Amino acid sequence: MKRIYIKELKNFIGQEVTIKGWVDTRRDQGKLVFLDFRDMTGYAQGVILPSATAVHSVGEKIRPEWVVEVQGKVNQRPEKNIQKEKQNGDIELEILSIVVLNEAETVPFDVKSDGQEIGEEIRLKYRYLDLRRPRLQRNLRMRDKIISFFREYMHQNDFVEIETPMLMKGTPEGSREYVVPSRLEKGKFYALPQAPQQFKQLCMVAGLEKYFQIARCMRDEDLRGDRQPEFTQLDFEMSFVTQEDILSFTEAMFIKMVKALFPEKTISQTPFPRITYKESMEKYNSDKPDLRKDKTNPNELAFVWVVDFPMFEKTQEGAMQAAHHPFCSIKEEDIEKFMKGKDLMNIRANSYDLVLNGYELSSGSIRIHQSEIQQKVFELLGISHEEQQRKFGHMLEAFKYGAPPHGGFAPGIDRVTMILMGEPNIREVIAFPKTGEGKDPMMNSPFEISVEQLKELGLKLENEKRN
Ligand code: ASP
């Protein structure tokens, strides 16, 4: 008999059907055995009636998390047994036969609870079980909906989705990069992208005009609740646009997304308020102010644009660095100072952040598209001519061949999903995240590579004990 999904059961009242899935719970009441089943579409209660003697022998040994194929008759529940708040609470599957497709050992933790009470290490070691819990299933399915919404919005607005390389040369986004050794050119390395920043700008030079990508970014930094070594962003770039164009395009996208997918939520203020970096620091002592009126309201969304970030900042050691990245253009009013190399710490970039409920959702800027200006930024950052050529020669060169004015943005998918799903941590909305120490206890990574592999790559470990 053709399998039907559990969510469709209500369309088959009075009929015999086959479902496939997992045993969610089992309640033995002597004569009656209740088995709740679940598949990817939901839950339904089944019952083995006393008359079904042949089924009882299977029913007796069956345990939660076993995988089964069940044939049964869909019955309307008597009025007094209806559970309105539950999916399929008004029907019941009268079990006629059960085929066990696979047994399950007792799972190491409760997969029906919220899960927050279980240690992270063990949750991630058995992530495939942890993901069975309804909260995480909801998070992953919602994440998919958010990504699909963005993807469609981009396509409706004539953007083209382009995959940029994972094996690349470093791009400066202010973090340490992960590197991958090259076997063919021993002693050389690729860097994993901290963001597709340079490639998306080069797509603009290529004349694509509107690029986007659901991009994986990798940054080797110390982890916090809203950070992971790898994360996903909706990376996009547009040619011939002003900052205003990007802000209004993005704002409309977020408003539409919230309306479509989270109708229960309210955005505290539209158009989103705008504040300069300077004002934000003065008023809130933060560049990601939380402007919610009621911080206890889980449905309030307070978006705010923070604009006019400084172009440069000082590292703890006192060295100059780009506050965002060195490709941001300089604000018209500050160009003169910039050209003279004066008052650098007060030079502002055409760069902007979108902040939601105190979290930085996204950063972006209008970029430099002229080679000399880009070179000037590198110079001010103390990057020698030789190093400029070695690291960014391709950008300086590309800008000489008719690079259009352009700018972009990159909202973080993990953070958006985390906030909208009311989760305290991005690990709750990522299928297979790393622990707070950057480890994957399930796969056991990072891992030691074999002596042969090291040799093949031309690498030798310091203090290596193996031989
Ligand atoms: N590449 C930047 C980032 O990852 C985003 C941008 O400037 O578009 O933060």
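Nothing here was measured: the structure is a model prediction, and the numbers come from that model. Both ligands and their constituent atoms are indexed starting at 1 by order of listing.
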Paired with Asp24, the salt bridge (charged side-chain N to carboxylate O under 4.0 Å, His left out) test is passed by just one of Arg133, Arg132, Lys86, Arg38, namely Arg38
Consider only side-chain N and O atoms of Tyr284 and Asp290, and report whether a donor and an acceptor are under 3.5 Å apart.
no
Under 3.5 Å: N or O atoms of ligand 1 paired with protein N or O:
{"residue": "ligand 1", "atom": "1 (N)", "partner": "Glu173", "partner atom": "OE1", "Å": "3.3"}
{"residue": "ligand 1", "atom": "1 (N)", "partner": "Glu173", "partner atom": "OE2", "Å": "2.9"}
{"residue": "ligand 1", "atom": "1 (N)", "partner": "Gln197", "partner atom": "OE1", "Å": "2.7"}
{"residue": "ligand 1", "atom": "4 (O)", "partner": "Arg219", "partner atom": "NH2", "Å": "3.0"}
{"residue": "ligand 1", "atom": "4 (O)", "partner": "Gln233", "partner atom": "NE2", "Å": "3.1"}
{"residue": "ligand 1", "atom": "7 (O)", "partner": "Gln197", "partner atom": "OE1", "Å": "3.3"}
{"residue": "ligand 1", "atom": "7 (O)", "partner": "His325", "partner atom": "NE2", "Å": "3.0"}
{"residue": "ligand 1", "atom": "7 (O)", "partner": "Arg367", "partner atom": "NH1", "Å": "2.8"}
{"residue": "ligand 1", "atom": "7 (O)", "partner": "Arg367", "partner atom": "NH2", "Å": "3.4"}
{"residue": "ligand 1", "atom": "8 (O)", "partner": "Lys200", "partner atom": "NZ", "Å": "2.7"}
{"residue": "ligand 1", "atom": "8 (O)", "partner": "Arg367", "partner atom": "NH2", "Å": "2.7"}

Residue pair Arg292 / Ser268, side-chain donor-acceptor N/O under 3.5 Å
no
Is the distance between the ring centroids of Phe254 and Trp305 under 6.0 Å?
no
Is the closest side-chain donor-acceptor distance between Gln321 and Thr315 under 3.5 Å?
no
Hey, do the aromatic rings of Phe249 and Phe159 have their centres closer than 6.0 Å?
yes
